Amino acid sequence: MTNSKRCPAVLVHGWRSHPGIWNRLTPGLSEAAVPFWSFDHAGMQGAGTETIALALQDYIHAKREETGYGGPVDIVCHSMGTCIARYLLEVLDGDAREEQVRLLIGIGPPNNGSAMAELFNDPERGPEVIRRLAGVFVPQDYDPGDDTIVQEFRPGSRTVAALRDAGTRDDIAYRILLAANLTATPAFFPVFGGMTWELAPGGEWRTTYAGDGIVPHTDSYLPGAGLDILPADPGNLARNPEHYCHTRLPRNPEVVARVMEYLSARPSSPSP
């Protein structure tokens, strides 16, 4: 039986990732007696947003049945995993509100669509960007045209429009955790000299230090969501700048501490 004093934390990894990214967070959850359910969609390469969101829903329902827990859960997500969870909660369950969720934490999420997904598809810049990221963020010989999730999260897509039109839920608290290269350190994400590609409002490409190397802050902002931009102490970038790039964020000690803080901020009131 799940510990009735704490909300279970549902962990949702991102695109082309795996549950192992939570191996710095889960020891803290165990120590704090926070039950956690780790959703694994690594084997669903090629599936679309709705299919993965429905699989997440089935997973949560199965864990509820397994544990006998009927109260609210917290959801902790990395990157595209945030949008998978939001699609379930806001698009698929938005009117019914059958999914009881207290808090959703998104780490480096492309809530407004992914500038990088769009950049991959840019005929002029895309091939060079993919070449630089090969073996770092995408596989060798990566073809974005064959990637369903990347196509669905281009900023002008129907999937992004569905999330925007649905809006956030007033029965869920949202927190967004982002990283910024506050000291303009190239080692932050060497592939792009410490900067992040961003699609400007006028449609032109530019680079910014307000991002984590993959996701610029403009991709992540969400109306009504609490926002943390890390590191709180820029000196951390002098010591371990690479810990704040997109792929390292779920294992970043400061991110882990902030997630634990929010999960522990107030007790849940689960159903009997």
Side-chain angles (χ1 to χ4, degrees), residues 1-14 19 21-22 24-41 49 52-109 111 163 166-178 220-228 230 249-250 254-272:
M1 193 78 170
T2 294
N3 185 338
S4 62
K5 296 181 180 179
R6 305 301 293 268
C7 281
V10 181
L11 310 179
V12 185
H13 66 78
I21 62 164
W22 305 116
R24 299 292 186 272
L25 174 63
T26 53
L29 294 174
S30 296
E31 185 176 344
V34 176
F36 58 89
W37 305 341
S38 187
F39 174 57
D40 182 359
H41 58 96
T49 305
I52 302 174
L54 288 169
L56 172 60
Q57 184 178 50
D58 288 344
Y59 174 77
I60 294 172
H61 290 183
K63 295 300 290 185
R64 287 186 180 281
E65 184 173 348
E66 175 189 323
T67 62
Y69 178 80
V73 299
D74 295 330
I75 305 184
V76 182
C77 315
H78 179 226
S79 191
M80 196 68 71
T82 309
C83 302
I84 298 297
R86 288 187 54 219
Y87 197 90
L88 166 59
L89 299 174
E90 298 161 16
V91 179
L92 300 180
D93 188 52
D95 293 329
R97 297 197 173 187
E98 293 177 353
E99 301 300 328
Q100 297 181 65
V101 176
R102 178 189 76 138
L103 171 67
L104 186 146
I105 300 174
I107 302 167
N111 286 316
L163 281 169
T168 56
R169 286 174 42 169
D170 58 12
D171 61 328
I172 298 173
Y174 294 77
R175 302 265 358 165
I176 305 299
L177 303 181
L178 307 180
S220 300
Y221 295 136
L222 191 62
L227 179 66
D228 294 85
L230 304 175
L249 285 177
E254 188 174 4
V255 171
V256 168
R258 199 63 60 95
V259 169
M260 290 300 304
E261 176 187 337
Y262 291 132
L263 293 178
S264 305
R266 50 192 173 89
S268 62
S269 301
S271 302

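Just so it is clear, the model here is predicted, and its values are computed rather than measured. Note that the numbering runs from 1 along the sequence shown for the chain.
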Aromatic ring pairing F39/Y59, orientation class (parallel under 30°, perpendicular over 60°, tilted between):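 The arrangement is tilted - the two ring planes meet at 30° to 60°.
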
Flag, side chain of E98 to backbone of D93, donor-acceptor distance under 3.5 Å: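 Not confirmed, E98 side chain does not pair with D93 backbone.
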
S220 (side chain) donor-acceptor with G108 (main chain) under 3.5 angstrom: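 No, the answer is negative, given that no donor and acceptor are paired below the 3.5 Å cut-off.
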
Indicate yes or no: at least one non-hydrogen side-chain atom of [X] is less than 4.5 angstrom from one of [Y].
X: C83; Y: L163; answer: yes
X: Y221; Y: N111; answer: no
X: R169; Y: Y174; answer: yes
X: L249; Y: L177; answer: no

Test log, rule side-chain contact (heavy atoms from CB on, under 4.5 Å), inputs E90 and T168: CA-CA 6 Å; E90 298 161 16; T168 56; 4.1 Å; yes

With rounding to the nearest 0.5 Å, note down the distance linking [atom1] in [X] to [atom2] in [Y].
X: R64; Y: H61; atom1: CZ; atom2: NE2; value: 7.0 Å
X: L11; Y: L25; atom1: CG; atom2: CG; value: 6.0 Å
X: D74; Y: W37; atom1: CG; atom2: CH2; value: 10.5 Å
X: T49; Y: L56; atom1: OG1; atom2: CG; value: 12.0 Å
X: L89; Y: I84; atom1: CG; atom2: CD1; value: 11.5 Å
X: L178; Y: D228; atom1: CG; atom2: CG; value: 8.5 Å

Nearest heavy-atom neighbours spanning [X] and [Y]:
X: G14; Y: S79; value: CA-CB, 4.5 Å
X: C7; Y: Y69; value: CA-OH, 4.0 Å
X: M260; Y: A32; value: CE-CB, 3.8 Å
X: H78; Y: W22; value: N-CH2, 3.8 Å
X: L227; Y: R175; value: N-NH2, 3.8 Å
X: I75; Y: V12; value: CG2-CG2, 3.9 Å

Donor-acceptor side-chain pairing of R6 and S264 below 3.5 angstrom: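 There is such a pair (donor and acceptor under 3.5 Å, judged by atom type) between the side chains of R6 and S264.
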
Short N-O contact, R97 and D170, less than 4.0 angstrom: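 Yes, R97 and D170 are salt-bridged.
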
Residues that A257 engages under side chain to side chain contact (heavy atoms under 4.5 Å, CB included), provided they are two or more places apart: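 So A257 forms no side chain to side chain contact (heavy atoms under 4.5 Å, CB included) with any residue.
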
